[in-house]
Every structure is written in structure tokens, then in C-alpha cells.
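For reference, the structure is listed below as C-alpha cells.
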Amino acid sequence: MAAPGLDRAAPPRPPLRGGHAAPGTDGPGRTAGAPVLIGRLLRPGLLRYALAFAEQGLTSLLSLGVTLWLIRRGTAEQLGSYVFWANLVLVAGTLVAAFTSVHLYRLPPGPGGRWQSERAILSANLLLAALSGLAAAALVSVLGPPLGIWTAVLLVPGTVLGLHARSLAASRGALGLSAAVSAVAFLAVAAVLAAESALGDPPSVPLLLAANGLAQGLAGAAVILRLAGKGAADFGAGARRRWRAMARRSGWALLAGAANETFTRLYIFLVAAWFGPVALAGLAAAQAMLRPATLLAGAFGAAARAPLAARRHEGDARGFWRLLAIGATGPALVTLLLGAGMALLWPFVAQHVFGGRYEGLDGVVLLWAVVMAISCFWMAGLSALHVLGRLRALAAAETGGALTAAAAMPLLLHLLGPPGALPAIALGGVVQVSLMARGVRRGLAAAGAR
């Protein structure tokens, strides 16, 4: 039964039975030719994966480009300040999405059955985006330099709106529009970097934050208008009833999101508070060259939800696990190989890519490679648990990983300094992935998949 105030989701498809044409056939008893079958199976999946990879790739390239620019032309304080706000805004986006955007994926695919819920979700997101901007202004006034950057007040609400637009587009299957938001932000920040390079000016972190926030906010608004039309936000009594329903259903998603942000980004705030922005800059520099490898796992997470859902509804547990294994193991191996290569080549990277800065970080690069390889399995598990609707299992896994990392991190920071954060994250990641695997097994069993 649908929760009060939200549109009923489309019922799951029953498993295929005899007498119905299976995918890849021309009807009962007639199998399509091999080229036709391969084309039918590959073309939609490859297109989804390519668009998801483009979205993830542009976001990662933006972050990598700014990081390299600040490494070569800026100060360690500037790099640390940028990393601080780039991660803090993602925390805000995750918390807002737990109340709003996450509910888009539960709505039926056709626009007719989801219009009222979409309007209520959008209005709640706009309200929370405005509140996040006010919270950012209060935080800036407290922090002071070098972390207190006033253009973060533009970055935070703009990013929240852009993330909602990307979620709306993905839930409608419009992955091209989702990638367009990332593309606009990438081009805006790239234009700032190009102008600074042409003029010979030093990097300006406030300008970079402003360009990113404004671009995401404007592009996100354009995508929302394209998909939902004018007047799509509903602030009336009906919308407020849906807000209350969403709040009741957001508990597990909020717990999972908060736990994951703690697990993923606790080190940023602990290192910045304990050792300062310069130490945080060293960790960011060691991670920078490994980011391209994680695009494979991120794109899999975005593109595999529909195929995973199909296998779930067909009762194909073996195919479900096979798809998860491919999507997690492949990117993890690429990440480990890239990490080993970067560690071996680090003297060259520090000298020629980083302009003679951040030498002696080869051991930190290897630690990052292990952490990011484990995260590939987390991304696959996240997609699986979302498809199975096991939000309680997801929250338990995220909480277990966060508590493990949070308990281990202070001691390891005391013993090993800033790099000690990484073994703590890896330990929490192992706990997290193990609990996710248990949740997936139980979810498939509950769905009757064999």
C-alpha cells in the first residue's frame, strides 16, 4: 500500500512464464538472430553507461582540474580550503536528497502518475536549498579565513539544486539532461581557469566556488523547467501533506546518508581541525591522480539500476550477483593497478605534474588506492540495495562502517599523522561492504530470486 501523500509506485513485473515472449525473441518459440539479439541487449545498456560515464567523468574532471590548478599555481592553504568546501557541499546535498530527491526513484516511470509528488519534492528541495544557503552564511561568519569564503553561500544552494535536477533527470531516464548539468558546471569552471591562465593571475578560490555554484544552480533550474515546466513547485496544503509523508519515509535514507558522509568525509574535518589545511592539501594531492579510475564504478552505479531491477523482477539471483561482481571487481582492479603505477611514478608526478611540490607521497597513494578499490564494492552494493528496496539494510551497513572508521581514526591519526585517516577508512569500508553483501542476500531471498 502506498504511503499517505505519495503516488503509488508501479507494481513489479512478474517473472517470465511460458507462453510469453522472453527478451531477445520474436515470440514464443522463435529466437531472434544473434546479431539482432546482441544489438537489442547492448545498445540501450551501452548508451546508459556512456551517458552515466559522461556525467561522472565531467564532475571528476572538474574536481581534478581545479585540484591540479591549485597544486601548481596556488598555495596549500588554498587547496585545503577548496577541498573543505567541495566536500562540505556534498554533505549538504546528501542530507537534502535524503528528504527529497531519493523519493523520485520510487515513483512510476510515466509523467502522469508522478506529477503531484514531483511538485512536492521540488518545493521541499527549493526550501531546503535556501536554508542550506543561510546555514553556509552562518558557518562562513564563524570560520573566518582561510576557510571562511563568502562565495560558498552561492556554492551550497546552487549545488543542492543542481543535484536535484540530475536526480530528476535520471529518474525520468533522461541521462543526457543529467549530464548536461555537469557539463555546464565543468565549462564554467574551465572558463575561470582559462582566464586566470591567460591573464597570469593566481588562482582565486572564491571565484571558483562562485562559478561552480552559479553554473549548477542555473543549469539545474533549466533542466527542471525542461522536465517539469513552469509552476512545477507546489507549496500548497497538498504539498505540505506530502512533505510530512516524505519525512516519515526518509528516516532510513537520512540515517544511511548521514552515516556515509561521516564515513567518507570525517577525515577532512578531523585533519583540517587537527593538523590544518596544509595537511589536508597533502592528502588531496595524493588522491588526485587516482580519481579517473573510480569513474568506472560511479558510472556502473548510475547505469546498472535498470538491469539490476530487471533481474530482480525476473527472479534471476545468479544474474544479479554476476552483474554486481563485474561492476565492482573490474573498477577495483583498475584502481589498484593505477595506484601501483602512480606510486612507482610519484617522483616524476611530483616534479613534472605538480611543479616540484608534494614529494614523498608514494605510500599515501597506495593507501588511497586500497580505500578507493573498496569503495568500488560499496558503489555496487549501494545500487543493489536501492533496487531491492532494502533501505534499512543500507542504513545498517553505512552506520557500521561509519562507527568503525570513526572509532579507529583518532588513534590512527595520533599514531601515523594525517595518513592514518586512510587505514581507518579502509577498515570501515570492509565492515560496510560485508554488511551490504548480507543485505543483498536477504533482499534477493525476500524477493523470491533464485
Side-chain angles (χ1 to χ4, degrees), residues 59 62-63 66-67 70 74-75 77-101 121-167 181-182 184-185 188-189 191-192 196 202-224 233 235 243 246-247 250 254 257-258 260-262 264-274 276-277 280-281 284:
T59 301
L62 185 153
S63 179
V66 173
T67 300
L70 292 174
T75 66
E77 276 193 348
Q78 285 181 309
L79 177 58
S81 300
Y82 175 81
V83 171
F84 176 85
W85 279 109
N87 283 272
L88 186 60
V89 73
L90 293 179
V91 173
T94 297
L95 296 179
V96 171
F99 280 110
T100 59
S101 305
I121 292 170
L122 174 58
S123 60
N125 187 272
L126 292 174
L127 179 61
L128 291 174
L131 291 175
S132 70
L134 294 175
L139 183 60
V140 167
S141 64
V142 171
L143 287 175
L147 297 177
I149 302 173
W150 278 104
T151 52
V153 178
L154 296 175
L155 174 72
V156 175
T159 300
V160 168
L161 185 60
L163 289 172
H164 179 75
R166 288 160 63 181
S167 296
V181 178
S182 299
V184 171
V189 174
V192 172
E196 289 178 341
S204 170
V205 175
L207 183 57
L208 291 169
L209 297 184
N212 193 353
L214 286 172
Q216 288 201 68
L218 292 174
V223 167
I224 291 170
F235 292 91
W243 293 354
M246 287 189 293
S250 295
L254 179 62
N260 178 255
E261 292 299 333
T262 300
T264 305
R265 309 186 201 282
L266 176 64
Y267 83 95
I268 292 170
F269 308 113
L270 280 183
V271 170
W274 198 331
L280 183 58

Report, one line per pair, each donor and acceptor closer than 3.5 Å where one atom sits in a side chain of residues 141-162; sequence neighbours left out.
| residue | atom | partner | partner atom | Å |
| --- | --- | --- | --- | --- |
| Ser141 | OG | Ala138 | O | 2.6 |
| Thr151 | OG1 | Pro206 | O | 2.8 |
| Thr159 | OG1 | Leu155 | O | 2.8 |
| Thr159 | OG1 | Gln216 | NE2 | 3.3 |

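- With contacts defined as side-chain heavy-atom distances shorter than 4.5 Å, the pair His164/Ile121 qualifies.
- When each of Trp274, Trp85, Phe84 is tested with Phe269 by the rule ring pair (Phe, Tyr, Trp, His ring centres under 6.0 Å), just one qualifies, namely Phe84.
- The two residues Ala284 and Val83 make their nearest non-hydrogen contact at CB-CG2, 3.7 Å.
- Taking the side chain as every heavy atom from C-beta outward, Leu62 and Asn212 approach each other to under 4.5 Å.
- When every heavy atom of Gly93 is checked against every heavy atom of Leu163, the shortest pair comes out as CA-CD1, 3.8 Å.
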Evaluate side chain to side chain contact (heavy atoms under 4.5 Å, CB included) for Asn87 paired with Thr264, printing each intermediate quantity in order. CA-CA 9 Å; Asn87 283 272; Thr264 305; 5.8 Å; no
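- Minimum interatomic distance between Ala215 and Ala185 (heavy atoms only, all atoms of both residues): CB-CA, 3.7 Å.
- Closest non-hydrogen pair, Ala211 versus Ala188, comes out as O-CB, 4.1 Å.
- Residues satisfying the ring pair (Phe, Tyr, Trp, His ring centres under 6.0 Å) test with Tyr82, not counting sequence neighbours, are none.
- Residues that satisfy the side chain to side chain contact (heavy atoms under 4.5 Å, CB included) test with Leu207, not counting sequence neighbours, are Val192, Glu196, Ser204.
- Within the 4.5 Å cutoff, the side chain of Thr262 has no heavy atoms near those of the Val91 side chain.
- With sequence neighbours excluded, the residues satisfying side chain to side chain contact (heavy atoms under 4.5 Å, CB included) with Thr94 are Glu261.
- The CG atom of Leu280 sits 11.0 Å away from the CG atom of Leu270 when rounded to the nearest 0.5 Å.
- A heavy-atom distance below 4.5 Å is found between the side chains of Leu128 and Thr100.
- In this structure, Leu209 CG and Leu214 CG are separated by 11.0 Å, a value rounded to the nearest 0.5 Å.
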